[in-house]
Structures are given as C-alpha cells and as structure tokens.
Undergrad: 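Can you read through this structure? Questions will come right after.
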Amino acid sequence: MKRKRRASSVAKGVVAAFFLAISLFPIYWLVAMAIRPSEEMRSHITLIPETFTLENFAQLFTEKGFGTAIINSLQSTLFSLVISLIVGVTCAYILARRSFRFGFKRPLTYWVLLVRVLPPVAFTIPLYIMFNKIGILNTRIPVILACVLINVPLIIWFLISFFQELPEEIEESARVDGASEWQMFSKIVLPLVLPGIAAVAMLSFMYAWNEYTYTVIFTRSASTSTVPLALALLNTEDSLTNFGLVAAGGVISVIPITLFVIFAQNYLISGLSSGAVKG
C-alpha cells in the first residue's frame, strides 16, 4: 500500500515537473536570447548560450532610449493605478452599501460593466477627438486617462462582492462608537477588503503597464513612448529584427510585474480565491 502511494506521489511529481518546465521554458528562452551575443544569434543557436554578454541591455539604454520608456511607463501606470483605485474603491463601496432612488442602482451597475466589456479600441475615436480639442495629445495624460477608463469598471465589479460580504453589523457598531463615515471606511472597511484591493490592483497594474493601443494612437514622439511601444519599434526598425534587443527589452518589461507579485503574493492569493468564492 505504501509502495503504491509512493509511486503515485512520484508520478504526480514527475507530471507536475513536466508541466512546470513547459510553462517556464519560454521565460528561460527569453533570458537566454537576451544574454547571447549578436554573432551567436546569426549562427546555430544552442539550448544553453555558449557565451554570455550584457551588450543587448547596454544598447537598449545607451542607443535606444529605453530608460525614457521605462520612466514613462512607470509614471503612466502608477498615476493611473492610484486614480483608478481611488475612484473604483469608493464607487464599489457606494454601489454595495447605498440605495438609489427610482431603481437606478442595477442599470448603473450594468452600465459600468458595459464599459469594461467593450473592446478598448471602441473608445479610441471619441477619446482622440476629445483629447485633441483639449490639446493634451502627445503627452502622458491621455494614456493615463484611457487606462483609468478601462480599469475603474474592473475594480468596481471585482470589489462589489467584497463589500457586500462584509457584515453590516461591523459598520453599525462603528457608528454607535461615534466613528465618522470616513473613519469607518478607512480604518474598518478598507483593511477588511485589502486582499481584494491587492488582487485587483495587480490586474490593473498589468493592463496599464502593457497598454499599447492608446499609447500608439495618443503619443507621437520618443519622449512620450512607453515600454510596449518601444519594444514594437525595436521589432520593426529598418525592417530588421534584432532578437537579442527585443528579448532584453522583454526581460526588463516583466521585472516590475514580477516584483509586484513577489511582494504582494499573500494578498493576491487570498484576494483572488476569495473573489472566486464570493462571485
């Protein structure tokens, strides 16, 4: 009996290791291409690099202006994330806890979902006309506002269930103790839904960081380009693709999201699992 259990455990471990290797191989190959010299990329490519170099990374920052793209992406992503969380969290709490006259609550909730369901490209023409009249094209502001437009509905729909599952007795006890509306919301409600906020913040961060459509339409100069746009320009420059440069840029582009996941791992796991149960 013990032998069968041990054999079953070994078989499961082998299968899990196999699928893990398949999942991680693209990441390994991306890193392996990034650290190969250009000469090795033109010849027979081995599984393990024969020589290692940081030439591709250095070229990105010295010749391709990748540092500016990273700064632009960080600014756009963080600004849009903060605005989206402020608007989305407060709106989700109001929709979950407050009643509306004339039955506007349900139509308003589905209208918010409709904004998220529509493809982002559907908003490009009206947003372009509006931003052009305001005179803010070719700046980071249109990209920030466009990311807020897409992320706020996601945050609202994700967090409504978290707020609805909180016992109303907790808030009533806080009111009895003399807590103001803001104190109750910031010191009692928010800490209880922090796992959900961390999970939806991760999803919003990923979308804003990888945003390409709005960036290529609303920005026109290298000084306002973001990481996805900079990678696209590397891939088409002079009709010749330098795979080492593109791979190096890909490695750099995944670092912020990886760091976010590492530092917020516990909140992300509990938030995503709780959202799945409550939905």
Side-chain angles (χ1 to χ4, degrees), residues 73-100 104-120 123 143-177 179-211 254-279:
S73 285
L74 286 175
Q75 291 177 344
S76 301
T77 301
L78 294 178
F79 275 116
S80 66
L81 179 61
V82 171
I83 298 173
S84 300
L85 287 177
I86 292 174
V87 176
V89 172
T90 53
C91 289
Y93 179 72
I94 293 173
L95 289 173
R97 281 291 190 256
R98 298 295 182 264
S99 59
F100 292 74
F104 284 158
K105 183 175 181 179
R106 185 177 294 273
L108 180 61
T109 305
Y110 284 109
W111 178 262
V112 172
L113 176 64
L114 179 64
V115 176
R116 179 64 188 182
V117 170
L118 289 175
F123 302 104
V143 179
I144 294 174
L145 295 179
C147 291
V148 171
L149 172 68
I150 301 300
N151 284 330
V152 165
L154 171 67
I155 295 173
I156 292 175
W157 266 86
F158 194 93
L159 293 181
I160 281 180
S161 61
F162 282 86
F163 288 122
Q164 289 176 340
E165 290 296 324
L166 292 179
E168 296 186 10
E169 290 77 9
I170 298 177
E171 301 170 51
E172 294 175 358
S173 300
R175 292 191 183 96
V176 171
D177 293 336
S180 64
E181 195 74 20
W182 171 251
Q183 288 175 334
M184 179 187 63
F185 178 71
S186 60
K187 296 183 179 180
I188 298 177
V189 175
L190 282 185
L192 295 176
V193 298
L194 191 59
I197 294 176
V200 77
M202 176 62 197
L203 299 176
S204 301
F205 183 93
M206 290 177 60
Y207 174 81
W209 179 262
N210 295 321
E211 168 52 41
V254 301
I255 291 177
I257 297 177
T258 304
L259 293 176
F260 191 99
V261 172
I262 292 174
F263 289 112
Q265 183 177 7
N266 294 332
Y267 285 120
L268 290 172
I269 295 175
S270 59
L272 290 173
S273 60
S274 298
V277 174
K278 295 173 185 176

Undergrad: When the ring planes of F205 and W209 are compared, do they come out parallel, tilted or perpendicular, using 30° and 60° as the limits?
TA: parallel
Undergrad: Hey, what do you get for CD (Q183) to CD1 (I188), rounding to the nearest 0.5 Å?
TA: 8.5 Å
Undergrad: Given 3.5 Å as the limit, does a donor-acceptor pair link the side chain of W157 with the main chain of T109, or not?
TA: yes
Undergrad: Which pair of non-hydrogen atoms, one from G88 and one from I156, has the smallest distance, and what is that distance?
TA: O-CG1, 3.7 Å
Undergrad: State, to 0.1 Å, how close G196 and F158 come at their nearest heavy-atom pair, and which atoms those are.
TA: O-CE2, 3.7 Å
Undergrad: Does CZ belonging to F123 count more than 12 external heavy atoms closer than 6.0 Å?
TA: yes
Undergrad: In Å and rounded to the nearest 0.5 Å, what is the CD to CD1 distance from E211 to I144?
TA: 12.0 Å
Undergrad: Ignoring hydrogens, what is the shortest heavy-atom contact between V254 and T258? Give both atom names and the distance.
TA: O-OG1, 2.7 Å
Undergrad: Does a side-chain heavy-atom distance below 4.5 Å link I83 with N151?
TA: no
Undergrad: Which atom pair, heavy atoms only, marks the closest approach of V189 to L166?
TA: CG1-CD1, 3.8 Å
Undergrad: Could you check whether any side-chain heavy atom of L154 comes within less than 4.5 Å of a side-chain heavy atom of L203, counting everything from C-beta outward?
TA: yes
Undergrad: With a 3.5 Å distance limit and no angle check, can you tell me whether T77 reaches the backbone of L74 through a side-chain donor-acceptor pair?
TA: no
Undergrad: Take atom CE of M184 as the centre, draw a 6.0 Å sphere, and report whether it contains more than 12 heavy atoms from other residues, nucleotides or ligands.
TA: yes
Undergrad: Roughly how far, to the nearest 0.5 Å, is the OG atom of S186 from the CD atom of E181?
TA: 10.5 Å
Undergrad: Evaluate the ring planes of F163 and Y93, with Trp represented by its six-membered ring, and classify them as parallel (under 30°), tilted (30 to 60°) or perpendicular (over 60°).
TA: perpendicular
Undergrad: With the side chain counted from C-beta on, respond yes when V193 and V89 share a heavy-atom pair under 4.5 Å apart, and no when they do not.
TA: no
Undergrad: Taking all atoms of both residues into account, what is the closest heavy-atom pair of S84 and V152, and its distance?
TA: CA-CG2, 3.9 Å
Undergrad: My understanding is that only one of I160, L81, L85 makes a side chain to side chain contact (heavy atoms under 4.5 Å, CB included) with I155; could you say which?
TA: L85
Undergrad: Provide the closest heavy-atom pair for S80 versus A208 in the form atom of the first, atom of the second, distance.
TA: OG-CB, 3.6 Å
